[in-house]
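Each remark here refers to the structure printed beneath this line.
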Number of protein chains: 2
Amino acid sequence: MTTRGKQTVRDLRRGSRSTLLRRLYFEGPLSRQELGTATGLSAGSISNVTGELLADGLIEECGSVDSDGGRPRILLRVVPDRAHLVGVDIGETQVRVGLFDLARTELAASDHPLDETGHDVGHVVDLITTGLTEVLARTGITAEEVLGVGVGVPGIVEQGAGPDAGDTAVVHGQTFDWNAVPLGRLLRARTPLPLFVDNGAKTLGQAEMWFGAGQGARNAVVALFGSGVGACVIADGARFRGATSSAGEWGHTKVHVGGRRCRCGSRGCLEAYVGAEALVERWADAPPGASEKAGLAALLAAAEAGRPGAVALLDEAAELLGAAIADLINLFNPERIVIGGWAGLMLGPRLLPAVRDAATAYALAFPRAQTTITLSRLGPDAVTLGAATLPLTHFLESGGELPRHATRAAG
Amino acid sequence: MTTRGKQTVRDLRRGSRSTLLRRLYFEGPLSRQELGTATGLSAGSISNVTGELLADGLIEECGSVDSDGGRPRILLRVVPDRAHLVGVDIGETQVRVGLFDLARTELAASDHPLDETGHDVGHVVDLITTGLTEVLARTGITAEEVLGVGVGVPGIVEQGAGPDAGDTAVVHGQTFDWNAVPLGRLLRARTPLPLFVDNGAKTLGQAEMWFGAGQGARNAVVALFGSGVGACVIADGARFRGATSSAGEWGHTKVHVGGRRCRCGSRGCLEAYVGAEALVERWADAPPGASEKAGLAALLAAAEAGRPGAVALLDEAAELLGAAIADLINLFNPERIVIGGWAGLMLGPRLLPAVRDAATAYALAFPRAQTTITLSRLGPDAVTLGAATLPLTHFLESGGELPRHATRAAG
DNA sequence: GTGCTTACTTCACGGCGAGATTTAACGTCT
DNA sequence: AGACGTTAAATCTCGCCGTGAAGTAAGCAC
C-alpha cells in the first residue's frame, strides 16, 4: 500500500513547478494556455508559477503564435544554458566524461582509456576528476553552473537515502572486482558538485526512455545486449529498483537450468548463451586473438555468408533471446521492449524477426499482444548522456531547484 | 519519470486523512501524540484531522494510557463495524463469498460448488449474486454498510480507468476459457455496490503482504504454487501491475527453453515441471483416478517413505523452483519471497531447504543476500480475504471515503 | 491545595489553487 | 481610423490547508 508521506501546502507549489517544468522540457515551447489545458491547472496558477520560473531564469519567452482574432499566445521554453549536466560513463575499456547543457547538447567530452591494470578504484576516481576538470576548463563553465554529476558504473549500485543519496552510493561490481566500493564517498572528496551514481545499463535505459526508442511508454524494458546481458525496467514511468537497487539483472535468468556454466558462477544463464563473449567463445571458427567486437562482427559476416555453424549459433541465440524476452513480457507486462547495447545494435537487424517470433511462441498471448519489440535508436555513447539524466531527473522533479552552490541571479 | 498529477489544497487533507487512517488501521490503537511523531504532522493538524474522522464515525476513542505526571494519552482506533467488506473468490471448483468487518473478522461466508459445466459466466455471476444476498441476509447487514465487493478471478484482469474502474474490468482466463469477459459490467447490473476485480493470485498476495508472511516488506514476491504457478509482485509497497495488469505471470517463465510442453501452448515453462497438475501427471506411480490434491499427497507420502521415483521428482521440483525463484530475485530484487498456494503449503516443509539452496546456487550473491524465502502463513481461504482487501485499499487510500450510497450519519 | 508535566485544542498566519474579473494584445468590420 | 469582438494573460478574492505559538485540560507529586 502506497505511503505518501506528509505534505505541506508548499509541496503543492513544488509539484506544480515540477509539472510545468517537465512539460516545457519534454514538449518543447508551449504557451501558458496550452500548459493549462495539458496539466489541468487553472490559468491563475499557471501565471503564478510561470512567473516564478521566469524570475528564477529557468524558463524564457520565445516568440509567439499568431492567432485569428485574439491576443497571441506567448511561447515559453526552458533556457538551455541556464544550467549544465555532467555524465560519466565508467566503461570496461575507458572512462568518459561528458558535459551537456539542459537541451542535452554535448558541449565537451573527455575520454581516458582504462588499461588492464587500470580498474583500481583510486585510478578511476582520478580519471573522473581529471575529465571533469578538463570539460569544465575547455568550455569555460564554472562548477556553479553545473546541476550535478551522474555516474554510470558497471555493477550493482546500492543507493543511500535522503537528499545526498549519491554521496553514500556503494558499488558492487563483478567485472572490475569491485566489492562494496564507496564510490560516492570517494568522489565527494574530489568535487563539491551533487553526485548521482547508478548502474550504466540503467542510465542507458533512462536515456533510451527519454530520448530514444522508449519515448512515450510508461512501462518498458530496455534490454542491454553487449559482452554481457542486462536490462533496465521502467514501471509506470520510473526506474524499477527493487529493495537494494539491483533489480533487472536479466543476464542471469535461467534458460536451461543446470546448463552451460556462466561467469557469475551459476549455470544455464542467458548470458552464458547469448552474451557477445559467450557467442564468440562458442563459435568454432572464431578468428583467434581478435577482440570481442571483431569476433562478433566476423560471426555475423559468416552467418550472412551462409556458413552453417555461424547460422546455427545465431539462430539459437535469437530463439533464446526471444524466450528470455518472453519471460520479461510475462513478468513485467511492458508496452515496449527495446534492444540496445553494442552487440544488440550489431546483430539486431539480423536477429530481430526471429527474436520477435520466438517471443510470440514463448510468451502468453495476451501480454505479448500489448508489447512491441524494437531496436535501440541511440549509440553506445548514450551511457554518458543517460548518466547526465540522473541530475536532470532530480532537477525536474524538484521543480527546478538549483544546488546550493549555484545561486546565480537570473540571467 | 514520475508524473504526479495536479493537486489542489484539498488533496492535502485527503492525504493526511489517509495517512492517519492507515496508521491507525495497521498499528492498532494510537494516541494523537504518537500519530504526530509517527507521521510528522503537527499537533494542530492531527487534532483537526482526527476530529473530522471522529465526526465521520470512522474512528473512536478507546481508553487511555496512564502517564507519569502528565495528562494521559487518549487512544484512537478504527471502528471495526463502521463499514464492511465483501470478498469473492472465483476458484476452480467453487465460488466463495465472504463478508468481513473492517477488522477482517469474517462475519459470514457462502460457498457454492462449481461443477464441470459451471464455468459459464452467467452462472458464476448468478452464484456471486446469490452468495452476496445470502451473507447480507444472514448477518442483517445492509448494502449501505458495505464499502465494496472485491472479486478474485483466475486469469488476467484488464482494469478500467477512473473512479469506477471495477465496472469496466475485463477478464481473460485460460482456465475457464473466458475470453474478454466483461465481468465488471455483468456484476454492475446485479448490485449497486462498488466493484473491484483482480486476479485471485494477486489478491492472495495482497492478503499475505498485509496480514501474513509479507508483513513489513516493501518489496516482495508472493509465489503461488498450486495446480498452476503464479506470482504477485509487490514493488515499493504497491502491487506491480505492468501496462495491462498482467504482470507477474511467473508460471510460464522458461526453465528449459524448448522443453516440456505446457498447457499454455508453449514449451519449457516452470508450470509444466512443478505445477501440481504436472507433478502428478509425471509421477509414474500416481494412483489412477485420484484428485489432484490426493495425487500430490500420495506423491509426498511416497517421497517421505523414500520411494526413489517420488524422491527424484520432488528433488527436481525443488531445484527448478529454486532456480525460478533465483530469476525472481535477480529481476525484482525483493526483500522477501513468500511461497503460498495449496501445493506450496503441502510440499513447503519438505521442499523449502532444497529450494533455498537452489536459489542461492542460481541467483546472484548480492541480491540473494537481501532476500529471505519463507512459507505462507495464510490458508487457501485467504483468497477471499485478499479480495476483500481491494475495497479496503480504496477506503484507506481515499482517506476513509464512504461510497455514495453509504452516507449514514456517524454512530 | 500548589505546582509541574504532558496531551490536546484553539487560533492567527502565510501560502496554495480555483474561479471570477480585469487588463492586454491582437484581428476585423465599418 | 476607430469601435468591436476575441483570446491570452494577469490580478484579485475566496475558501482551505498545515504550521507553530498560545491556551486549556488532565493527570501526578509534594
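Below, all heavy atoms of this structure are taken into account, side chains as well, without hydrogens, waters or symmetry copies.
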Could you give the side-chain donor-acceptor pairs of residues 43-50 of chain B under 3.5 Å, partners two or more places apart or in another chain?
{"residue": "B/S45", "atom": "OG", "partner": "B/S42", "partner atom": "OG", "Å": "3.3"}
{"residue": "B/T50", "atom": "OG1", "partner": "B/I46", "partner atom": "O", "Å": "2.6"}
{"residue": "B/T50", "atom": "OG1", "partner": "B/S47", "partner atom": "O", "Å": "3.2"}

Residue mapping more 5' on DNA chain D - nearest nucleotide basis, B/L41 or A/N48
A/N48
A/D11 atom CG is separated from D/dT19 atom P, nearest whole Å, by 10 Å
State which residues pass side chain to side chain donor-acceptor pair (under 3.5 Å) with B/Q215; sequence neighbours excluded, sorted by chain then number.
none
Axial bend angle, the helix from C/dG1-D/dC30 to C/dT30-D/dA1: five-pair end segments, nearest 10°
20°
Any base atoms under 4.0 Å from A/I46, or only sugar-phosphate, or nothing? Heavy atoms, all strands.
nothing
Holding to ring-ring contact (aromatic ring centres under 6.0 Å, His included), I want the full list of residues that pass it with A/F100, two or more places apart in sequence or in another chain.
none
CD of B/E61 versus C1' of C/dA7: gap in Å, rounded?
12 Å
Within a strict 4.5 Å, meaning less than it, do heavy atoms of the B/V170 and B/V157 side chains meet?
no
At under 4.0 Å between heavy atoms, which parts of nucleotides 19-30 of chain C does protein reach? Answer with one letter per nucleotide, 5' to 3': B base, S sugar-phosphate only, - none.
B----BBBS---
Take A/S16 and B/R73, find for each the nucleotide of DNA chain C with the closest heavy atom, and name the residue whose nucleotide sits nearer the 5' end.
B/R73
Distance, rounded to the nearest Å, where A/R14 contributes CZ and C/dG17 contributes P
12 Å
When rounded to whole Å, the NZ to P distance for the pair B/K6 and C/dA18 reads 5 Å
Apply side chain to side chain donor-acceptor pair (under 3.5 Å) to A/Q370 and list each qualifying residue two or more places apart in sequence or on a separate chain.
none
Show each protein N/O and nucleotides 14-16 of chain D N/O combination with a separation under 3.5 Å, one pair to a line.
none

Which residues pass the side-chain contact (heavy atoms from CB on, under 4.5 Å) test with A/T37, sequence neighbours left out?
none
Round to a whole Å and report the spacing from CD of B/Q33 to C1' of D/dA25.
14 Å
Spacing of A/L12 atom CG relative to D/dG18 atom P, expressed in whole Å
10 Å
For A/Q7 and D/dT19, give me the distance from atom CD to atom C1', rounded to whole Å.
15 Å
I'd like to check the ring-ring contact (aromatic ring centres under 6.0 Å, His included) partners of B/F332; sequence neighbours left out, ordered by chain and number.
A/F240, A/F332
Would one find a side-chain N or O of A/T8 under 4.0 angstrom from OP1 or OP2 of D/dG18?
no
Under a 3.5 Å threshold, yes or no: a donor from one side chain and an acceptor from the other, between A/E145 and A/T142?
yes
Results of side-chain contact (heavy atoms from CB on, under 4.5 Å) for B/A38 - residues two or more places apart only
B/R23
Not counting sequence neighbours, which residues clear salt bridge (charged side-chain N to carboxylate O under 4.0 Å, His left out) with A/E52? List them please.
A/R13, A/R17
Rounded to whole angstrom units, what separation is found between the CD atom of B/E52 and the P atom of C/dC8?
18 Å
Test B/S31 against B/Q33 for side chain to side chain donor-acceptor pair (under 3.5 Å), laying out the working first.
CA-CA 5 Å; B/S31 70; B/Q33 184 65 15; over 6 Å; no
What residues form a side chain to side chain donor-acceptor pair (under 3.5 Å) with A/T244, not counting sequence neighbours?
B/N333
